[in-house]
Amino acid sequence: MPSEIPRMKREMSRYSVFAVAREAFRDHQGWTRAWGSPEPKRKYDVIIIGAGGHGLATAYYLGKNHGIRNVAVLEKGWLGGGNTGRNTTIIRSNYLQDPSAAIYEKARSLYEDLSQDLNYNVMFSPRGVMMLAQTEHEIRGYKRTAHANALQGVATEFISPARVKQLCPIMEIRGPRYPVLGALWQPRGGTARHDAVAWGYARKCSEMGMDIIQKCEVTGVRSQGGKVVGVTTSRGDIDCDKLGVVVAGHSGHVADMAGFRLPIESVALQALVSEPIKPCMDVVVMANTVHGYMSQSDKGEMVIGGGTDGYNNYTQRGSFHHIEETVRALVETFPMISRLKMLRQWGGIVDVTGDRSPILSKTPLENCFINCGWGTGGFKAIPGSGWGMAELMATGYSPLTEAFGLDRFSEGRFIDESVAAGVAH
Amino acid sequence: MSEAVSAVQGASASGFVDVAEAGLVGMVTIRGDLGDSDFAHAVWSVTHCGLPKKRGIAAGESDQLLWMSPDELLLVCAHEEAEARVQALSAALSGQHHLVVNVSDARAVFRVSGSGSAVREAMAKVTPADLRPRILGVGEVRRTRMAQVPAAICFDGEDQATIVCFRSVGTYVFDLLVRSSKPGSEVGHF
Amino acid sequence: MSFRLDTGGRFIDRSKPRSFTFNGKAMRGFEGDTLASALLGQGQMLVGRSFKYHRPRGIVASGSEEPNALMNLGRDKTFEPNARATTTELFDGLEAESQNHWPSLEFDIGELNAKLSRFLPAGFYYKMFLWPRSFWKHVYEPIIRKSAGLGRAPRHRDADHYEHFNATVDVLVVGGGIAGLQAAKAAGEAGAEVLLIEQGAHWGGRAPVDGAVIDGVPAAEWVEATVAALGAMPNVAIRARTMGAGVYDHGYALAYERLTDHAPDPSLPRHRLWRIRAGRIVTATGAIERPLSFAGNDLPGVMLASAVRDYVTNYAVAPGKCVVVVTNNDDGYRTALTVQEAGLEVVVLDARSEANGPLAEQARAAGITVRVGRGIESVKGKGKVEKVWVCDQTRDGSNPDPIKADCVAMAGGWSPVVHLWSHCGGKLSWQEDGAFFRPDPERAPNGADGAAFVLAAGAANGELETAAVLTDAYVAGARAAAEAGATGTAGAAATADVELSEPMLPVWNMPERASYALRSKAWLDYQNDVKVTDVELAAREGFESVEHTKRYTTLGMATDQGKLSNINGLAVLAGALDQEIPKVGTTTFRPPYHPISMGAIAGEARGALFQPVRQTPMYDWHDANGAHWEPVGHWRRPYAYVKPGEDVHAAVKREVLATRNSLGLLDASTLGKLVVKGPDAGKFMDMMYTNMMSTLPVGKCRYGLMCSENGFLSDDGVVARMDDDTWLCHTTTGGADRIHAHMEEWLQTEWWDWKVYVANVTEQYAQVAVVGPNARKVLEKLGGMDVSKEALPFMQWAEGAIGQFSARVFRISFSGELSYEIAVPASQGRAFWDALLEAGSEFGVTPYGTEALHIMRAEKGFIMIGDETDGTVIPQDLGLNWAISKKKEDFLGKRAQERDHMTDPLRWKLVGLETLDGSVLPDGSYAVGEGVNDNGQRVVQGRVTSTYFSPTLERGIAMGLVELGPDRMGEVIAFNRVDGTFVQAKIVDPVVFDPEGEKQNV
Amino acid sequence: MLILKCPYCGVACDETELHAGGEAHLTRHGPGSSDADFEEYLFMRENPRGVHFERWRHVYGCGKWFHAARDTATLEVFGTYSAQVAEPPKDVRAAITAKVPGWRWRDLS
């Protein structure tokens, strides 16, 4: 590889304050498309199914790290239209198990420079993430995580209730029901602008000459002698040497086409935002005993994450009682939000595996790779996931993805994060 | 035998309905094959109640039998009688596959009373069950939720309902009902 | 400038003046005013600043679609940000404050942004602030956040309380306009149980304002009569101030009732959230008028024509003295006629080339100047409307002529409110005449039975004229009732004269060929400052999907959720992409229709009712005796009993020593107790537990382990054989419900032919562990059954009496001491506890909590579920092979434990750990190995699972899981501290206290 | 908010009175089974976008487990039935066929 000559690099205006100033004086007529809308070619070295954050990041690092640019990213809807644009934008890497900490910390460290790398402001805001300990059991769980992180190169610490209050003054730390006993604090965790992550990657991929083909639904996976040779789409057959399936909630469906099964179930995950208010919270808080997490967006909305339904669901709608449970928990933890109003609630479809950790793996179909099972934790992992997936697809091995293979389920080699006090991703 | 006390020591309160703990009530869980006439006979021999129909209640002179599930009944009797009933039922049912246990002290029982639809309205604030009279009539048992805990609801009449929950959450359920019947918070829906 | 008219006002009661303050300034209004009408009545046109450019903004609308008039309401414990003035009913003492400006509403520094607006196009922040890296978090972001955000953050705990209400109905009708009333009436007459809700305080919606005549009488009269009729129907419930907030699957709907917002009273619930299960839902939610996109359309004084009409008719408030009505349809003339009747000057600009419909003629006849084919080139003025420049609508706006005016009324056509229809997947179709999306009955939201469960009615269904509204609503109501199972027949539908009207002319740009300069001053989304040129830019940059455009420009993402801007924005996008509007499609409508309070969502679940507290019969004693509570599931257990003058650590130490040396009491009531009975119970027990339980002799106890089917240890506890076919299983505190459910699941779904019954009797008993060298003495002192070593040896149980209490006594020990666990009926638990305290006083009886319990079990090397186990540990890891039957062919978890990774000899195994310096190992510490892995992480070889200071041994003790641990006794390995340093600890036997078990076997 | 009818007590249950139990009609593989079979049993799951069979427990009610046939894309419920059967009864399958001709689930249709 690469076999065919990639497309010419597309010319794109470089973003900067100067560019904006220049355009201001010509009525912003000079801005070019952020990404192209090409017709599919007959063949690509690599096809990625799914133009969400993970798929686009995989394509980007294939080009950037491995010089593979004859790549198409196929999207049945609009790019970034899945969970990339529906999550609560939390970025952290304070995971317990080594493989998780490795890939999430890789992602977090890439986020640090992503705006500059992509020349697109993804607004990574390392404002700090805290996970509240509200039972003795949680204290032990988070202290364990802190000790693990210390050996994993992840900067976290277990902080006192007083420090929690200092970092987040709007929090009620004295209970009554679950007084805050401390917290696991990752100062370099934070948030980013979710859409911008997809758009930034898309723009760079397009600039590298890759084809992002929206409104192109894959209807079949074609193989010969146990090897993938291409896909059938709503816009005709397209050949490829390697195929990456990165379609989150629809993984089971695509795996079906490719002729293998996945230990995955798709469920609805919900979130909501309040009306915007002036800044009152400069950290991300996760309260797992009472099941809720909250941060404040740059617009001023309180962004709140809820729980998943217990049953398979493809509607991108959930049951309202999950919203009730989450809001109940947060009103108890942050009494001042009681008189705020919920502006909007929505749902996404997340794919959950047997051990609730992701799958980044080769598949029974040769040269077909899959990246799925991120459950509720996908957004924060995007750059690391793309980096590892690209390495796996280009070289056949990546230390980042090694432990996340499909084979772990038959061997019983699980990556169980829930052991640390039932931490939600 | 020392003085026995109920979950919330007979607490009571008055809002737009009255809420009162019923005190100690004898309760015995009976599991067996409700379709088996031998079972029915054995139960009758001790309780003098026929078997209730689905979600129903069968009443004898002193005892009541509540339908709990396809293979479970709840015998309601005087608290001090419960242990004797357990012995008698065990004896009467010996030879059949069954289980009889005294759960009198594992429960808290509340009576909610008031006029008109007030009782149903106070409870509709905390239970998802369909409380419309034509759906949940008098003398029918509905096992459901009271806010965050399991409970069984039964209307003894339009003006009174009995609520059975676990003893450990007696205080919670009592406080819930008191909050729900706060004067001025009448709904006027039913 | 706006002012109060001397006469009129349907809603206000001039005999009841109401005083309120705006930005600290005292103002007056009337009972029946909204905050918005009262402000206008006082001439207050400027009410806020926009989100991005901090442009001065006035009231645009009269309902929940209002984008500008957002207020901080009240103070302290009743403070609420972002309250809409248009939906806030006025009351005496109301305090309102405009938002998003500094230092004041009139002089706002942020207005600088407006001057810089050309530098701040859609998405500018994605293209800027890239360097230097650290500046985003520390410089740019804080500035952007401060300038955003609208209302102030509340600072106090909410003084009000909230509640929920559950209702099941045949038919839910949302919207109290004439459509909703007619639909409810039809459904009610057909015999259905109906709930009709209206978000506002008044019934009838727009019809009375628009001068409709129904069944030969003015709409207002018809409404009054119909409301009365509905009120009299026993099967119909009607409720004002209750908004349909959301529609969810299977006919579930949320309604939001505001009980006291219009008359604050802390003793009543402020809001009530209705959870409604409806057979059918009729959405009679009306329609919302659209603004027109011309330059300066965001100046205070520019309003919706319908709103101008509402303020004049309902509140006797004139938005200005000289009104310019700019319209593209006949409805605008209603406003012209209304304001003229109120004695105001009015000019009509009709974008259509001609206007000869009845209303237009009526206007001309009334002497109103009507100029057809005209549009607005721009509106000019300093913070308010002063001049309107009129131009040819079909051209580019060159050489316009001015009109002096202080109010512009925009009539851009109507959009049905399709939110509730769409929440649950209902699809829309584009209607050319009228230029709006309406519900597509072919693609309605489907319920549990696969049939459509939402029906749209009236204006919400795209029927804009009175006669058609009534017929449509009647049909919807009757159909809903029939489909919900009602068998009666509805009476006749109300009738109205057919209103002739001429087709409207879609106008997306005014003038049609407006220059960039004009388009860049034409607002689509007022609150988020999205202009026509922003949407055009998004299209140019490839954000072709409507979702992309929405997210890139923030169009429709403000607190009005695009109620005014959606269609206009879509049209501009479609134009820029040269596509048809229906091709572009709409964004997804999500609940709630209008923001609802978090308090209402939380309902009663706050403070004491936040979650149930499960209490044992001895709870009150614990609470009164210094219990430092530890939540365990929903239970609360004493962690330790802290005495005056001691801290919690001292208390724990005291409790351990007192128990080891004399006598301790533990409230063990929370431990699960499950009765398993039946002919197949033995077989079942052998499947549930790793041990052989079927062979346990009657009268004996055995410690048992339970695994998940995945092989991992999930629970443990002592099992007692009660009789031939009955076992009593003790579970962990958290385990009772979980394990009971686990057993039922297997019995019901896998081995349903096995004859086994299970009952959870946990709460039937109060259980007390009587522990320590003097345990037997205190029981003998109480008298009753023989508890001697001979009569009741270790690991046996017996039934009898302790003192006057009938009891079941288990001779088991989790502390290594002589120990009896005694179960008595829960109703006597407290009395039994008191009796033990009294009898034990001579032995210095000491109640102890969970921490002392943990320490004593750790001194004995007993494992604790949740400490030594974490869902990834199998019994073999814990050296519990002795408790895993080799004889049994099968038990839950056996197969899983045969998998490669489970049989790996390198699995970490349980050992004791002893620091060389006697210190306490850090909780959660890891044992480090050599080097790093492929990801650069330090290799580890084990971890601490339990670590305590042992008061008995007066040094740190610990247990942990270590690679090949049991084979490495005596070896010293390093455990990490979070600060990067290490502690040396020796691998030892886990049992560090009384290894021979002499103390418990006396 | 799903509303399912408990086939045992005949009550229309609010989702919040139920506990969802995942895929229905799994075959247990115990000791002696192959790694593949055991993995299939524990982890591999049908995840259809459409007709699905699943387990529910009326946990706040009669406590009984039951089966439901439901469409995961529309949430339409085709029927609920006893937990004590190895595969969906004929009438339920017929009801599905009437609504979704040509449906497939595992080897059922």
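Proteins get letters first, then strands, A, B, ... in listed order; numbering begins at 1 in each. Atom set for the values below is all heavy atoms of this structure, side chains included, hydrogens, waters and symmetry mates excluded. It should be emphasised that the depicted structure is a prediction, and the values quoted were computed from it without experimental measurement.
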Subject >> side chain to side chain contact (heavy atoms under 4.5 Å, CB included) assessment of A/Y120 paired with C/K127 >> reply: CA-CA 6 Å; A/Y120 203 92; C/K127 300 169 178 168; 5.8 Å; no
**OP:** In sequence, state the C-alpha distance, the side-chain angles, and the governing distance for A/W35 and C/E541, and then conclude on side chain to side chain contact (heavy atoms under 4.5 Å, CB included).
**Re:** CA-CA 8 Å; A/W35 48 77; C/E541 292 191 84; over 6 Å; no
**OP:** Go through the steps to decide whether C/Y516 and A/Q29 satisfy the test side chain to side chain contact (heavy atoms under 4.5 Å, CB included), and finish with yes or no.
**Re:** CA-CA 10 Å; C/Y516 180 90; A/Q29 301 300 309; 3.6 Å; yes
**OP:** Could you please spell out the steps behind the side chain to side chain contact (heavy atoms under 4.5 Å, CB included) verdict for C/M598 and A/I304?
**Re:** CA-CA 11 Å; C/M598 299 287 182; A/I304 293 172; 4.1 Å; yes
**OP:** Mind running salt bridge (charged side-chain N to carboxylate O under 4.0 Å, His left out) on C/R133 and A/D113 for me, showing each step along the way?
**Re:** CA-CA 7 Å; C/R133 200 189 80 177; A/D113 302 295; 2.8 Å; yes
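Interface remark: A/E23 contributes no atoms to any contact with chain C (heavy atom separation under 4.5 Å). With a 4.5 angstrom heavy-atom cutoff, A/A146 touches chain C via backbone and side-chain atoms both. For A/L272, the part lying near chain C is the side chain, with the backbone staying farther off; criterion is any non-hydrogen pair under 4.5 Å. Interface residue A/D27: backbone and side-chain heavy atoms are both found under 4.5 Å from chain C. Heavy atoms closer than 4.5 Å to chain C are found in the backbone of A/F409, but not in its side chain. Neither the backbone nor the side chain of A/L181 comes within less than 4.5 Å of any heavy atom in chain C. With a threshold of 4.5 angstrom between heavy atoms, A/M281 approaches chain C through N, CA, C or O but not through any side-chain atom. In this structure, chain C has heavy atoms under 4.5 Å from both the backbone and the side chain of A/Q316. Within the 4.5 angstrom heavy-atom criterion, only side-chain atoms of A/E172, from C-beta onward, approach chain C. At a 4.5 Å heavy-atom cutoff, A/T326 makes no contact with chain C through either its backbone or its side chain. With a 4.5 angstrom heavy-atom cutoff, A/L343 touches chain C via backbone and side-chain atoms both. With a 4.5 angstrom heavy-atom cutoff, A/T32 touches chain C only via backbone atoms.
Residues C/R636 and A/R177 meet the side-chain proximity criterion, which asks for heavy atoms closer than 4.5 Å. Using a 4.5 Å cut-off on side-chain heavy atoms (C-beta onward), C/Y248 and A/R317 make no contact. Put simply, the side chain of C/R551 reaches to within 4.5 Å of the side chain of A/R193, judged on heavy atoms. Contact annotation: the side chain of C/M128 never approaches that of A/Y15 to less than 4.5 Å [non-hydrogen atoms, C-beta and beyond]. Side-chain contact check for C/R606 versus A/V331: some heavy-atom pair is nearer than 4.5 Å. For the pair C/K77 and A/R339, the minimum side-chain heavy-atom distance is 4.5 Å or more. With a 4.5 Å cut-off on side-chain heavy atoms, A/D98 and C/N935 do not count as touching.
Between chain C and the residues A/V290, A/D195, A/V327, A/D298, the most heavy-atom pairs under 4.5 angstrom are made by A/D298. Ranked by heavy-atom pairs under 4.5 Å with chain C, the list A/A102, A/S297, A/G190, A/G36 is led by A/A102. Ranked by heavy-atom pairs under 4.5 Å with chain C, the first of A/S37, A/A196, A/A34, A/G81 is A/A34. Chosen from A/G347, A/P99, A/P399, A/A150, the residue pairing most often with chain C at heavy-atom distances under 4.5 Å is A/P399. With chain C as partner, the option from A/L340, A/T135, A/V273, A/V20 having the largest number of non-hydrogen pairs under 4.5 angstrom is A/L340. Between chain C and the options A/I170, A/L400, A/N149, heavy-atom pairs under 4.5 Å are most frequent for A/L400.
Here the closest heavy-atom approach between residue C/G871 and residue A/D416 is recorded as O-OD2, 4.2 Å. Of all non-hydrogen atoms in A/E275 and C/T559, the two that sit nearest each other are OE2-CB, 3.8 Å. Scanning all heavy atoms of the two residues, the minimum distance from A/A148 to C/Y926 falls at CB-CE1, 3.7 Å. Closest approach of C/R590 and A/W346 over heavy atoms only: NE-CB, 3.6 Å.
Not less than 6.0 angstrom separates the ring centroid of A/F124 from the ring centroid of C/W136. Here A/F25 and C/F119 bring their ring centres to under 6.0 angstrom of each other. The six-membered or imidazole ring of A/W78 lies away from that of C/F543, with a centre-to-centre distance of 6.0 Å or more.
Distance check: A/R344 CZ to C/T588 OG1 gives 7.0 Å after rounding to the nearest 0.5 Å. In this structure, the separation between CD1 on C/I601 and CD1 on A/I323 is 7.5 Å, given to the nearest 0.5 Å. Within the model, atoms OH of C/Y162 and OG of A/S338 stand 4.0 Å from one another, a figure rounded to the nearest 0.5 Å. Distance CD/A/Q345 to CG/C/L254: 7.5 Å, rounded to 0.5 Å. To the nearest 0.5 Å, atom NZ of residue A/K341 and atom CG of residue C/N82 are 5.5 Å apart. If you take OH on C/Y639 and CD on A/E136, they are separated by 4.5 Å, rounding to the nearest 0.5 Å.
Atom CZ of A/R26 is surrounded by more than 12 heavy atoms from other residues, nucleotides or ligands within 6.0 Å.
Listed by chain and number, the residues in a salt bridge (charged side-chain N to carboxylate O under 4.0 Å, His left out) with A/D282 are C/K137, C/R145 (sequence neighbours excluded). A/K278 meets the salt bridge (charged side-chain N to carboxylate O under 4.0 Å, His left out) test with no other residue; sequence neighbours excluded.
In this structure, A/N121 contributes its side chain and C/Y125 its backbone to a donor-acceptor pair below 3.5 Å. In this structure, C/H548 contributes its side chain and A/L79 its backbone to a donor-acceptor pair below 3.5 Å. Judged by distance alone, with hydrogens and angles left aside, the side-chain atoms of C/Q937 form no donor-acceptor pair with the main-chain N or O of A/L151 at under 3.5 Å. The backbone N or O of C/L130 sits less than 3.5 Å from a side-chain atom of A/Q116, completing a donor-acceptor pair. With hydrogens and angles disregarded, no donor-acceptor distance shorter than 3.5 Å links the side chain of A/H147 to the backbone of C/F975.
Using a cut-off of 4.0 Å between Lys/Arg side-chain N and Asp/Glu carboxylate O, A/R33 and C/E544 are scored as salt-bridged.
A cation-pi geometry, defined here as NZ or CZ lying under 6.0 Å from the six-membered ring centre and within 45° of its normal, holds between A/K299 and C/F51.
C/D923 and A/Y142 share no donor-acceptor pair across their side chains, judged by distance under 3.5 Å alone. Side-chain atoms of C/R938 and A/Q152 form no donor-acceptor pair, as typed in the model, at a separation below 3.5 Å.
Relative orientation of the C/Y552 and A/W199 rings is perpendicular, given thresholds of 30° and 60° on the angle between their planes.
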